Amino acid sequence: MPARELELDLEAFEGPFDLLLALVLRDELDLAEVDVAGVVLAFMERLAERDELDLDACGEFLVLVAALLELKARALLAGEAADLEDLDPAAAAEELAQRLAEYRRIKEAAAWLAERLEAERERYFRLGPAPLAPAPERRLEQQDPAALAAALRALAAEPPALSLAHLELRFPPVERFLSRFRALLLRRSRFDFDSEVDGMTRLEQAVAFLALLELRKGGEIELSQAAPFAPIRIQRNAAAKPERREAWNARSA
Amino acid sequence: MERPLRLVAANPLDRLARTLEALLVVASQPLSVAELAEATGDDAERVETALGLLSERFHEGRSGIVLEKVAAGWAFRASRDAAEACGRLFERPVERGLSAAALETLAVIAYLGPCSRPEIARLRGVAADSVVAGLVERGLIAEAGRDQSVGAVRYRVTPLFERVFGLESLSELPRLDDLGSEAEEIRDRLESLAEARPA
Amino acid sequence: MERPLRLVAANPLDRLARTLEALLVVASQPLSVAELAEATGDDAERVETALGLLSERFHEGRSGIVLEKVAAGWAFRASRDAAEACGRLFERPVERGLSAAALETLAVIAYLGPCSRPEIARLRGVAADSVVAGLVERGLIAEAGRDQSVGAVRYRVTPLFERVFGLESLSELPRLDDLGSEAEEIRDRLESLAEARPA
């Protein structure tokens, strides 16, 4: 089951995770009341119920939770090109306010359309041709077959657009953290996750954590944590030798 | 003349006639007396009488809208006086080109061979129903049996398609060697792209 | 009263009006003045005058057939008095109403002009795919080429949309108020929210 379908039962919200995000984006849910740690705990509980680590689900979850954290930090809702990390809180608040106002206007327009539709309920008109009308003949000029080739070529060359594009996040590749941690493990048999990712953005921290899960899945490391929210300890697995793996990033999750 | 006119306006039969007018102008096929009676909640006899009134009003030579009784029922048609103008209305000018959606769909079917609507939708990443219906209506594609596994109707290009694109046969389509030498190869490529594309 | 009637009947403007009636009763969508002028071989100004005559005759409350100006053209429809009878015989184009998601999506497309699913999703904060497919199926929106940069299919509203919502053109949509105080209000709320939260 995808992470976005994760059922949540929080104080402020009950329902699937993706609905929570949608409500937050639409300003229908007060973000201050959303317990992000509760979301994480719910996910961890579900993970614990399973024997196998579902890396795809983890990746998606981390991406979504990172989105939520970024939102909560008021730095998410930047314009297409703006670098999120460069946004100061005031600019981010401005951006968020603009975006919410934009959505409000759309809702107003939708309400106007709904009223209009109701008012026009009594207007019946014919859909389709008249019963005794001649069938219109459509003629087409001679066409160039090169247009067909061009159409297919364009379809075959179409760049894949980003999923979750509306969240407008930029994801650093997991590979970057994989190499970094592997290099670290060559020098040290154990390290502390929190101190390694100190100073990174939340998004980078989330992707770094994903890299940890990947290393653990491959049996390269062991993870331990004394208590929830205590520092995460990483220990090199003596049996495994660090090796290069295929590039993998959060976007392909 | 004023007085009888007012009387007619107040007459429920005239009211019924107006409702019938309304029904007939919305209908896409001739309506029977039974259908009209049911829709108006009136009896067949009164509907017949009202139709008689309307036939008088919407009569050839008197009105551009003519009420006609055909085998299946009653329907409005254009008066014969307007035949020439109607001819011009329905004779559409020769169209210069096809929409991007139509061209893409034709390209998929022409290059990959018979495809079903679900296949076309998957490859293009958008629903194909209206585009396919439009191309069928124009005679550029036609049904070609059903997909073996799913049972969906498949479509092929028609001889008219070949004429419009000036092709003796599909083997004359411009080569797409950069995409793949075989239709299968091109199809695989499009499919993997479609999968990568957000739904 | 007989005499003036005959005179009117002999008047070429009335003849033009009858031809227009005929065209409008067989047309499958609203006809623009230009289309009517071309089909009748008459000039636009005279067509407008004749349409004025017809509007008087085919007027709500006076006739079961009503002439209306809609979707950048002229079309006949049933009078509102006959809505109940019509409801027994015909389906409305938007029979079961539209969901909130569908209305929001229509609003985005109608106001912003052609846009793609990712753009709609960005504005609404949720994926738009099934909603868009539903609106295409109902004929309220249609494909309008692909986005130049990303290659996503873009959508526009159709003349049917204008007709269903009874709009002469999209310019009849109410102007949405400028952000103004609302944006400020939201910003204030965000700021107080930020202050209330530790670090």
Side-chain angles (χ1 to χ4, degrees), chain A residues 2 4-5 18 21-22 56 59-60 63-64 67 120-169 171 247-253, chain B residues 22-31 68 70 72-73 75-78 86-87 89-98 100 103-108 110-112 123-125 137-140 160 163-167 172-176 178-180 186 189-190 193 195-199:
Chain A
R4 69 192 123 84
E5 287 170 20
D18 61 347
L21 268 181
D56 284 349
E60 189 189 19
V63 164
L64 292 177
E120 301 297 314
R121 274 179 70 80
E122 292 186 340
R123 272 174 61 256
Y124 276 86
F125 51 86
R126 179 159 39 74
L127 294 164
L132 305 175
E137 195 191 325
R138 298 182 73 172
R139 287 169 302 158
L140 192 58
E141 248 179 34
Q142 193 69 36
Q143 302 290 305
D144 183 357
L148 292 169
L152 207 68
R153 199 169 267 126
L155 205 57
E158 188 178 315
L162 290 183
S163 70
L164 292 167
H166 60 285
L167 294 179
E168 300 198 12
L169 287 170
F171 304 110
W248 194 93
N249 67 42
R251 264 182 212 168
S252 62
Chain B
L23 290 167
L24 290 164
V25 87
V26 176
S28 336
Q29 44 211 345
L31 297 173
E68 173 108 346
V70 293
F76 283 136
R77 66 166 169 82
C86 284
L89 182 70
F90 283 95
E91 182 201 303
R92 305 227 189 128
V94 176
E95 289 170 62
R96 295 204 47 218
L98 291 155
L103 203 58
E104 266 178 29
T105 305
L106 279 177
V108 166
Y111 275 100
L112 305 186
L123 295 176
R124 293 192 55 232
E137 196 196 306
R138 308 178 69 139
L140 293 170
L160 175 65
R163 260 206 315 285
V164 163
F165 281 90
L167 304 165
E172 283 185 27
L173 282 167
R175 310 267 313 158
L176 289 172
D178 48 324
L179 299 185
I186 299 175
R189 185 183 169 126
L190 287 178
L193 261 170
E195 270 165 36
R197 196 185 295 140

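Fair warning: this is a prediction, and the values are worked out from it, not measured in the lab. Proteins get letters first, then strands, A, B, ... in listed order; numbering begins at 1 in each.
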Taking side chain as C-beta onward, heavy atoms only, is B:L176 less than 4.5 Å from A:R153? yes
With heavy-atom distances below 4.5 Å as the criterion, would you say the side chains of A:L155 and B:R124 are in contact? yes
Sub-4.5 Å side-chain heavy-atom contact between B:V26 and A:L127: no
Side chain, backbone, both or neither: which part of B:R96 has a heavy atom under 4.5 Å from chain A? both
Measure the shortest side-chain to side-chain distance between B:L160 and A:L140 over non-hydrogen atoms and say whether it is less than 4.5 angstrom. no
Side chain, backbone, both or neither of B:E172 within contact of chain A (heavy atoms, under 4.5 Å): neither
By a 4.5 Å heavy-atom criterion (distance strictly below it), what part of B:I186 contacts chain A: side chain, backbone, both, or neither? side chain
Max heavy-atom pairs within cutoff under 4.5 Å with chain B, candidates A:A150, A:P145, A:A151, goes to A:P145
Cut-off 4.5 Å, heavy atoms of chain A, and the answer for B:L179 is side chain
To the nearest 0.5 Å, what is the distance between CD on A:Q143 and CG on B:L167? 11.5 Å
Relative to chain A, which segment of B:A27 carries a heavy atom at a distance below 4.5 Å: side chain, backbone, both, or neither? backbone
Identify which part of B:L98 has an atom lying under 4.5 Å from any heavy atom of chain A, answering side chain, backbone, both or neither. both
With heavy-atom distances below 4.5 Å as the criterion, would you say the side chains of B:R163 and A:Q142 are in contact? no
B:Y111 versus A:L148: any side-chain heavy-atom pair under 4.5 Å? yes
Given that the side chain runs from C-beta out, which part of A:F125 has a heavy atom under 4.5 Å from chain B: side chain, backbone, both or neither? backbone
Look at B:A100, B:A107, B:A72 and state which one has the largest set of heavy-atom pairs under 4.5 Å with chain A. B:A107
Where on A:P129 is there a heavy atom nearer than 4.5 Å to chain B: the side chain, the backbone, both, or neither? backbone
Interatomic distance, B:Q29 atom CD to A:R126 atom CZ [nearest 0.5 angstrom]: 11.5 Å
Please classify the contact of B:V25 with chain A as side chain, backbone, both or neither, using a heavy-atom distance under 4.5 Å. backbone
